[in-house]
Amino acid sequence: MDTDTLKQLVLNASHLHVFGYGSLLWKTDFKYDSKQVGFIKNYVRRFDLGNSTHRGTEKVPGRVAHIEESQGSKAWGVAFKISGKADIMKALSYLNNRECELGGYTTLVTEFHPREQPSQTITVLCYTATQNNKFYLGPTSYKNMAKQVVSARGKAGTNVEYVTKIADYVKFYIPEDQDEHLFELDYEIRFLVKQKRLSANNKLIEDHELHIQTLMEPVQAS
Ligand SMILES: N[C@@H](CCC(=O)N[C@@H](CS)C(=O)NCC(=O)O)C(=O)O
C-alpha cells in the first residue's frame, strides 16, 4: 500500500485498527485499547514466507505467517484498536520496523468482520507478503515445512515456538478458525520434535548404558 493511502488512513484518525493473525496474536508488543476476534474475507493464513531476522538465519531461514488471497475464504485473527495520535504513530513506527523492515511484509487495508457482529465491519491495517516477496519460500509438503521449522531459530527464538504458539492461540481463543494448514503444520512439527526427543533420549540411554557397562567391566590387572 502506498504511503499516501496509509497517511489517509492515519491522518486525522482518532484511532487505528491493526489486524493480527500470526505472532501479533501472542506477541503484540504495542499499546492498544481493546481487541476483538474476527476475520477478513477472501484471504487464508499460510506459512510460506521465509524469515532470517526473527526465527531463522540467512543459512537456515524460518517460516513465518502471512496471508494470501483466496476467494471465498476467511482469515481469522484479532483486530487491535489503538487510540490517540501519539500511540498510533508509536505503534506504526514499531510495526514498520518489526514487520516491514525486518520481516519483509507489506501493508494491506481491508475490512474486518467482528465475531460478534460480522456485518459491522471495521477498516483494518494488516501486514502480509505476496509471492513476489524476496523472502517467499513457497509451499511444500507439511513434513518438509516441519523439518525446516524444527531446524530454524533466530534472534527472537525458535521457529517451533513461533508456529506452535500461533496454533495454541487459535485453538484456545478462536475455535471458529478451522485452519487445516496451520493445524497440519503444527501436528507435523510436534511429531518431529517428539521423535527428536525420543532419539535424543535413546542416544542418552545408549550412552548411559555404555557408560554403565564400562564401569562394570573387571579392572584389567596392570
Ligand atoms: N503480520 C502477521 C505476522 C507477524 C509476524 O509474525 N511477524 C514477524 C516478523 S518476521 C515477527 O514479528 N516475529 C516476532 C517473533 O518472531 O517473535 C501478524 O499479523 O501476526
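Everything numeric in this text was worked out from a predicted model, so none of it was measured. Remember, it's 1-based here, ligands and their atoms both numbered in the order they're listed.
- Between the side chain of Asn133 and the backbone N or O of Gly104 there is at least one donor-acceptor pair closer than 3.5 Å.
- Inclusion of Thr53 in the set of residues having an N or O under 3.5 Å from an N or O of ligand 1 is not warranted.
- Listed by atom number, the atoms of ligand 1 under 4.0 Å from Lys27 heavy atoms are 15 (C), 17 (O).
- Looking from atom 10 (S) of ligand 1 to the surrounding protein, the closest heavy atom is Asn51 ND2, 2.9 Å.
- No donor-acceptor pair closer than 3.5 Å links the side chain of Asn51 to the backbone N or O of Arg63.
- The ligand atoms of ligand 1 that sit less than 4.0 angstrom from a heavy atom of Gly20 are 19 (O).
- Annotation for ligand 1: atoms under 4.0 Å from non-hydrogen atoms of Arg55 are 15 (C), 16 (O), 17 (O).
- In this structure, Phe47 and Tyr162 have perpendicular ring planes: the angle between them is above 60°, well past the 30° mark.
- Counting protein heavy atoms only, atom 1 (N) of ligand 1 is closest to Glu99 OE1, 2.6 Å.
- Between Glu161 and Arg153 no salt bridge is recorded (no basic side-chain N to carboxylate O distance below 4.0 Å).
- To the nearest 0.5 angstrom, Gln148 atom CD is 9.0 Å from Asn159 atom CG.
- Counting atoms of ligand 1 from 1 in the listed order, those under 4.0 Å from a heavy atom of Leu24 are 18 (C), 19 (O), 20 (O).
- No option in Asn144, Val149, Val150 other than Asn144 meets the side chain to side chain contact (heavy atoms under 4.5 Å, CB included) test with Lys147.
- Among protein heavy atoms, the minimum distance from atom 19 (O) of ligand 1 is reached at Tyr21 N, 3.1 Å.
- The side chain of Tyr162, and not its backbone, has at least one atom closer than 4.0 Å to an atom of ligand 1 (non-hydrogen atoms only; side chain from C-beta on).
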request  = Show your working on side chain to side chain contact (heavy atoms under 4.5 Å, CB included) between Val37 and Val78 and close with a plain yes or no.
outcome  = CA-CA 4 Å; Val37 169; Val78 169; 4.1 Å; yes
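- At a heavy-atom distance under 4.0 Å, only backbone atoms of Ala65 (N, CA, C or O) approach ligand 1.
- Counting only heavy atoms of the protein, atom 3 (C) of ligand 1 lies nearest to Tyr105 OH, 3.5 Å.
- Interatomic distance, CZ of Phe112 versus OG1 of Thr121, reported as 10.5 Å (0.5 Å rounding).
- Listed by number with element, the atoms of ligand 1 under 4.0 Å from a non-hydrogen atom of Phe19 are 19 (O).
- Protein heavy atom nearest atom 5 (C) of ligand 1, with residue, atom name and distance: Ser23 OG, 3.0 Å.
- Expressed to the nearest 0.5 Å, how far CG of Leu192 lies from OH of Tyr187 amounts to 11.0 Å.
- In this structure, the side chain of His113 engages the main chain of Pro118 through a donor-acceptor pair within 3.5 Å.
- Nearest to atom 20 (O) of ligand 1 among the protein's heavy atoms is Gly22 N, 2.6 Å.
- Residue Cys126 places every heavy atom at 4.0 Å or more from ligand 1.
- Closest to atom 12 (O) of ligand 1 among all protein heavy atoms lies Arg98 NE, 2.5 Å.
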